[in-house]
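Note that the structure is a prediction, hence the values are computed from the model and not measured. Computed over heavy atoms, backbone and side chain alike; hydrogens, waters and symmetry mates excluded.
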Amino acid sequence: MWTDPIIEEIHAVRQKLMDEAGGDLHEVIRRVHEHRDPARRIIVGQPRRPQAWVATHVDNRSNSSPPLKF
C-alpha cells in the first residue's frame, strides 16, 4: 500500500508534540500559542463567495411564458 510521505511527516510531528506534552492536548495547544509569532495576525471573518456564485434577482413576471409547475 502506498503512503504519502507528507502525511507521514505530519503524523510524526503530531506524535512528537503529544509525547513532549505528556499526551495532554491542552498542553500542546498552550505550547503552540506560546510560540506563535505575534507579528503574524490571524484574521477571522465571514468567508466571501466569488462573484460568479452570487445569486441575482430574477423577476419571472417579465417572462411571457407561464411559470413552471412541478
For residues 1-13, please give each side-chain donor-acceptor pair under 3.5 Å, one per line with the distance, not counting sequence neighbours.
from: D4; atom 1: OD1; to: I6; atom 2: N; distance (Å): 3.0
from: H11; atom 1: ND1; to: R14; atom 2: NH2; distance (Å): 3.1

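Annotation: side-chain hydrogen bond (donor to acceptor under 3.5 Å, both in side chains) contacts of E27 (sequence neighbours excluded): R30, R31. For Q46, there are no side-chain hydrogen bond (donor to acceptor under 3.5 Å, both in side chains) partners at least two apart in sequence or on another chain. Listed by chain and residue number, Q15 satisfy the side chain to side chain contact (heavy atoms under 4.5 Å, CB included) test with D19 (two or more places apart in sequence, or in another chain). Residues satisfying the side chain to side chain contact (heavy atoms under 4.5 Å, CB included) criterion with H26, sequence neighbours excluded, are D24.
The line from CG of L17 to CD1 of I29 is 11.0 Å long, rounded to the nearest 0.5 Å.
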